[in-house]
Structures are given as structure tokens and as C-alpha cells.
Amino acid sequence: MPLMQTRQMRELADVSAVGIGAGADTDFMNRIAILGGTEEIGSDLQAGGDPRNYEEILTEIFKRIVHTPRIVLVK
């Protein structure tokens, strides 16, 4: 169901997939990114490893997503 929803949402906007933690399903996140039109941002949008580093890693991930828009509504 999430894959179908991603495909539907893609008609309105790009969908980014971010995996958090060692148990994040990398293959699933990559499939979401492909369906969401954001696979070129990178498959490294996953915060795994030491949980003490998650804040720093996630901050960088979200900055990368925000600063890589496909559509700019206002300049």
C-alpha cells in the first residue's frame, strides 16, 4: 500500500524516503525514492549506526532534501 500511495502522491510533489536506524529497510526506502522521483538525491539518506549521531546525520539529510527541490515556487 505505501508504494501505491507514493505513486499517487508523486503526481502532486516529490516524495523523499529517509530510513532511520539499523533496522531501516534499505531496499524499500530506495523503491519509495524511485517511485517518489527523488532517487537522484542519493541512496545514502539513511541514518544508521550510532544513535548518538542521528541528530547530526538527519539534519544533513533534511538539508540535502530541502536544498535539492525540483520545483521552486518563489524566487
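Each residue takes its place number in the sequence, starting with 1. None of the values given here were measured: they were computed from a predicted structure.
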Where I32 and A17 come nearest, the two heavy atoms and their spacing:
CG2-CB, 3.5 Å
With F62, which residues qualify under side-chain contact (heavy atoms from CB on, under 4.5 Å), at least two apart?
V18, L58, I65
Heavy atoms, side chains only, cut-off 4.5 Å: are L35 and V15 in contact?
no
Taking atom CD of Q8 and atom CE of M4, what is their separation to the nearest 0.5 Å?
6.0 Å
Shared hydrophobic cluster for L3 and I34 (ILVMFWY, side-chain gaps under 4.5 Å):
no
